[in-house]
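For reference, the structure discussed in these notes is given below.
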Amino acid sequence: MKKWIASTLALVMAGSALAGCGSSSKEETKPAAETTTAAAGQETKGGETAAGQESSGGAEGDITSWILEDDTSIAGEVNFWIPFKGSQGMDAMIAAFNEIYPNIKVNLNSYNNNSDGNVSVNVAMDAGEVDVLASFGLSTTYKRWANGLYMDLTDRCKEEGIDLAANWGTDAYVYDGSIYTFPCGGLSYYIAINMDAWNEAGLGDLPTEWTWDEYLEASRKMTKKDDSGNVLVYGGSDYHSVNYMTFPYAQVKGKNPYYKEDKTASFDDPIIVEAYARELKAELEEKIWFPKATYRADNLQAQMTFCQGQTASTVITNVTRFLHDKETYPNVNWITGFAPYPVVEKGQTNYMSGVPTFSHAGIATNCQDEDAAWAFVKWYSTYGVGYLPAAGHQSCWKGNDPAAAIEVIYGSEEEAKKWIDVESFTRVVGDPSKPAYYEDELTAYSDVNSCLNEQVMFAINGEKSAEEAMAEAAENANQFIKDAQ
């Protein structure tokens, strides 16, 4: 397997303000208005952002003057593929782009981010049906780099002075010394809290920092059971994905949830073993967290159990896009508050508090209109990703203000207050100025992930202890890693 090199992680700071528009998962998102992204993109030459603030410039690099083409009247057509639908912020994003580039037609193609969906995307890329692709997940993106599905953007980036670390906080995502994509979209990990349950339990102010032990105690106090001991409401949940016990390792180490520094599997590290033991005890013994086994068996997701009142809190990334969806979740009648992802020990740097990269945008090798695609991918990866909060994701570009997500999601702060605690949201969610882990190791990644998933299922069904499951997962993964080297 080819190796790819990562350099240092730079923490990003919020810059120019981006405003947007309201949306729900069932309603069309309206185009941006006067003080919005469209306006933000028009006057970016000369080292100033849309709000008139100085761009970082200097040693850090210019994060704005390269974005727009000298001639924004250029004509063309771009087939843009992304897993999100038009109503999830993408129609508004394209409308804002067309206020600047009125002669470039952007065709939105929404694909399913699953195995079958990604195979279809790869076939479409080979056939020349894709011009710009937003690829989700590093493993999938890596395969597209390795298989030549993305165009090499290195020379263009050098010519225009595009600095990955200055713009998106890291230049880790460079393959064999070449730039194929911009690391532009991310996920924000946090605890969503039903404030009615929190206040009823007498838990006081929302934490600005807390440990897993403190979150477990809050979960105990918010759990409700009947006289027979049957759970009515689980106090907490560690999301629905099976690999979330690896994220405390990323929180501490700052990179590579699946790998140690010596490039062996991390699954038997004490941090992960303890995290998984903690989860299994909370789910199977104390029954204060919604059980992962039920998530998997019933094909449930964390936003479902939270919005249906089955959990009082949950580790999650995207709940904000669902709270105001009255058609799907008509019984959400509480305010949701936000607390940071817990740390293993107080005082640690929390590398889960920022916006780790999740999506990468680039030009397909068989692109039909390279100039139009280049204009679009630059704009989407900067101003355009400010619309991702409408779909529950976040912007990694340092020129976007995370506070603007409130308008993108809810339309206004006044409307947002009907659903969320605005203060804790602004403080906790989607702030790329905070530390974020990154990944720079992918040896036998798919096989390593499969080893973890297999053993996790044994443990959540009560067939193995956390120690047994993680020891075997590490042993199996290390054999794949050895074979791949």
- So F97 and Y380, ring-ring contact (aromatic ring centres under 6.0 Å, His included) or not? Walk me through it. CA-CA 8 Å; F97 173 77; Y380 167 74; 9.9 Å; no
- Which is it for L187 and V355 under the side chain to side chain contact (heavy atoms under 4.5 Å, CB included) test, yes or no, and what are the steps along the way? CA-CA 5 Å; L187 295 176; V355 185; 6.0 Å; no
- Message: Is there a side-chain hydrogen bond (donor to acceptor under 3.5 Å, both in side chains) between N118 and N113? Walk through the geometry before answering.
- Response: CA-CA 6 Å; N118 279 297; N113 184 39; 3.2 Å; yes
- Item | side chain to side chain contact (heavy atoms under 4.5 Å, CB included) between R427 and F338, worked out | CA-CA 8 Å; R427 173 167 46 83; F338 303 87; over 6 Å; no
- Message: Working note: Y234 + T305, criterion side chain to side chain contact (heavy atoms under 4.5 Å, CB included); need CA distance, chi angles, decisive distance, verdict.
- Response: CA-CA 9 Å; Y234 291 91; T305 57; over 6 Å; no
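Annotation: side chain of Y437 is in contact with side chain of Y189 (closest heavy-atom distance under 4.5 Å). Between Y259 and V448, the closest side-chain pair of non-hydrogen atoms falls below 4.5 Å. No side-chain heavy atom of P435 sits less than 4.5 Å from a side-chain heavy atom of M352. Residues T154 and Y180 are not in side-chain contact: their nearest non-hydrogen atoms beyond the backbone lie 4.5 Å or more apart. In this structure the side chain of M470 reaches within 4.5 angstrom of the side chain of V456, judged on heavy atoms. Residues W374 and L153 have side chains in contact (heavy-atom distance under 4.5 Å, counting atoms from C-beta outward). Looking only at side-chain heavy atoms (C-beta outward), F306 and V319 come within less than 4.5 Å of each other. Counting heavy atoms from C-beta outward, T211 and V344 have side chains that stay 4.5 Å or more apart.
Counting only distance, with no hydrogens or angles, the side chain of N109 and the backbone of I82 share no donor-acceptor pair below 3.5 Å. Checked by atom type and distance alone, the side chain of Q88 pairs as donor or acceptor with a backbone atom of K85 at under 3.5 Å. For E468 (side chain) and S465 (main-chain N/O), a donor-acceptor pair under 3.5 Å exists by modelled atom type. At distances below 3.5 Å, not a single donor-acceptor pair connects side-chain atoms of Q479 with backbone N or O atoms of N476. Using modelled atom types, no side-chain atom of S237 and backbone atom of T314 make a donor-acceptor pair closer than 3.5 Å. The main-chain N or O of G137 is never found under 3.5 Å from a side-chain atom of T140 such that the two would form a donor-acceptor pair. Using modelled atom types, no side-chain atom of D421 and backbone atom of G337 make a donor-acceptor pair closer than 3.5 Å. Panel note: side chain W419, backbone T336; no donor-acceptor pair is recorded below 3.5 Å. A donor-acceptor distance shorter than 3.5 angstrom exists from the side chain of H240 to the backbone of A302, with no hydrogens or angles considered.
Under the 4.0 Å criterion applied to side-chain N and carboxylate O atoms, E370 and R156 are assigned as salt-bridge partners. Residues K287 and E283 are not paired through a salt bridge, judged by the lack of any N-O separation under 4.0 Å between the basic side chain and the carboxylate. For the pair D268 and K260, the salt-bridge criterion is met [side-chain N within less than 4.0 Å of a carboxylate O]. By the 4.0 Å N-to-carboxylate-O rule, K253 lies too far from E261 to be salt-bridged with it. Between K255 and E441, none of the side-chain N atoms (NZ, or NE/NH1/NH2) sits under 4.0 Å from a carboxylate O, so this pair counts as no salt bridge. The residues E209 and K346 are annotated as not salt-bridged, no charged nitrogen and carboxylate oxygen being separated by less than 4.0 angstrom.
Judged purely by distance below 3.5 Å, without hydrogens or angles, the side chains of T264 and D262 pair a donor atom with an acceptor atom. Neither side chain, W397 nor S381, offers a donor N or O lying under 3.5 Å from an acceptor on the other. S313 and Y215 share a donor-acceptor pair across their side chains, judged by distance under 3.5 Å alone. Judged purely by distance below 3.5 Å, without hydrogens or angles, the side chains of R296 and N453 never pair a donor atom with an acceptor atom. No donor-acceptor contact under 3.5 angstrom links the side chains of N449 and N243, judged on distance only. Side-chain contact annotation: Y249 with D269, donor-acceptor N/O pair under 3.5 Å absent. There is no side-chain donor-acceptor pair under 3.5 Å between K398 and S433. With hydrogens and angles left out, the side-chain atoms of D440 and N256 include a donor and acceptor closer than 3.5 Å.
Between F358 and H393, the angle of the ring planes goes over 60°, which puts this pair in the perpendicular group of the 30/60° scheme. Ring-plane geometry between Y239 and Y244 is classed as parallel, the angle between the planes falling under 30 degrees on a 0 to 90 degree scale with a further cut at 60. Using the six-membered ring where Trp is involved, W145 and Y173 have ring planes that are tilted, between 30° and 60° apart. Using cut-offs of 30° and 60° for the angle between ring planes, the Y295 and F290 rings count as tilted. Note: F136 and F84 have perpendicular aromatic rings, judged against thresholds of 30 and 60 degrees for the angle between ring planes.
Heavy-atom neighbours of K281 NZ from other residues, nucleotides or ligands within 6.0 Å: at or below the threshold of 12. Around atom CG of D205, no more than 12 heavy atoms belonging to other residues, nucleotides or ligands sit under 6.0 Å away.
Here the OG1-CZ distance, from T365 to R144, works out to 12.0 Å after rounding to the nearest 0.5 Å.
Taking the ring pair (Phe, Tyr, Trp, His ring centres under 6.0 Å) definition, one finds that W212 meets it with Y341, sequence neighbours left out. Among residues two or more places apart in sequence or in another chain, the side-chain hydrogen bond (donor to acceptor under 3.5 Å, both in side chains) test is passed with E217 by R220.
Aromatic ring centres of Y258 and Y445: separated by under 6.0 Å.
The minimum heavy-atom distance linking V130 with A364 is given by the pair O-CB, 3.1 Å. Listed here is the closest heavy atom pair of I409 and A390: CG1-N, 4.2 Å.
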